[in-house]
Amino acid sequence: MHTRVYTLRGPMFEGKAKKLNAKTLSGEITILDHHQPLVSVLAKNGLVWLEAEDGVRHEYLAPSGFLHMNGANELTVFLD
């Protein structure tokens with residue numbers, strides 16, 4: 001899935017990801033390729049990590065933020 005991670009400082013990641021794991025207000029979730037469309041608020045100071053297509057793991061601390069998975073297999077994460 002095409003994945004973008006943005007912070008107030010600018011883009012942190014843009015590329016293909018195999019999966020993304022995040023702590024949300026509803027609990028911990030894992031988003032895989034072709035996940036159903038979703039908008040979710042991230043838990044305060046939770047960990048967000050993704051596994052890129054090349055197998056490299058990227059980790060981000062999320063002071064706050066949200067994620068959006070659209071119907072075109074694109075995932076966008078906004079971190080404050």
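What you see is a predicted model, and the numbers here were worked out from it, not measured in a lab.
Within a 6.0 Å sphere centred on CD of E59, heavy atoms belonging to other residues, nucleotides or ligands number more than 12. Within a 6.0 Å sphere centred on NZ of K18, other residues, nucleotides and ligands contribute more than 12 heavy atoms.
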Taking it one step at a time, do M12 and Y6 satisfy side chain to side chain contact (heavy atoms under 4.5 Å, CB included)? CA-CA 6 Å; M12 299 296 288; Y6 295 108; over 6 Å; no

With side chain to side chain contact (heavy atoms under 4.5 Å, CB included) as the criterion, how do V5 and L75 come out once you've worked through the C-alpha distance, each side chain's angles and the decisive distance to 0.1 Å? CA-CA 9 Å; V5 178; L75 174 63; over 6 Å; no

Side chain to side chain contact (heavy atoms under 4.5 Å, CB included) assessment of R57 paired with E51: CA-CA 5 Å; R57 181 176 163 136; E51 182 181 341; 5.6 Å; no

Run the side chain to side chain contact (heavy atoms under 4.5 Å, CB included) test on L38 and L67 for me, step by step, so that the C-alpha distance in whole Å, both residues' side-chain angles and the decisive distance to 0.1 Å come before the verdict. CA-CA 8 Å; L38 170 75; L67 61 83; 4.0 Å; yes

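Between the CG atom in N73 and the NE2 atom in H34 there is a gap of 4.0 Å [rounded to 0.5 Å]. To the nearest 0.5 angstrom, N21 atom CG is 4.0 Å from T30 atom OG1. The distance from atom CG of D54 to atom NZ of K16, rounded to the nearest 0.5 Å, is 13.0 Å. The line from CG of L42 to CZ of F78 is 11.0 Å long, rounded to the nearest 0.5 Å. Taken to the nearest 0.5 Å, the CE atom of M1 stands 10.5 Å off from the CD atom of E53. The distance from the CD1 atom of I29 to the NE2 atom of H35 is 6.0 Å, given to the nearest 0.5 Å.
L25 and Y60 fall into different hydrophobic clusters, where Ile, Leu, Val, Met, Phe, Trp and Tyr side chains are chained together by heavy-atom contacts under 4.5 Å.
Between F13 and H58, the ring planes lie tilted relative to each other; the angle falls in the 30° to 60° range.
Side-chain contact between N70 and P37 is absent, with no heavy atoms from C-beta onward closer than 4.5 Å. Side-chain contact between L47 and L61: absent, with no pair of heavy atoms (C-beta onward) separated by less than 4.5 Å.
No side-chain donor from either of E74 and H68 sits under 3.5 Å from a side-chain acceptor of the other.
Tested against V77, the residues L20, I31, T7, L50 include a single side chain to side chain contact (heavy atoms under 4.5 Å, CB included) partner, L20.
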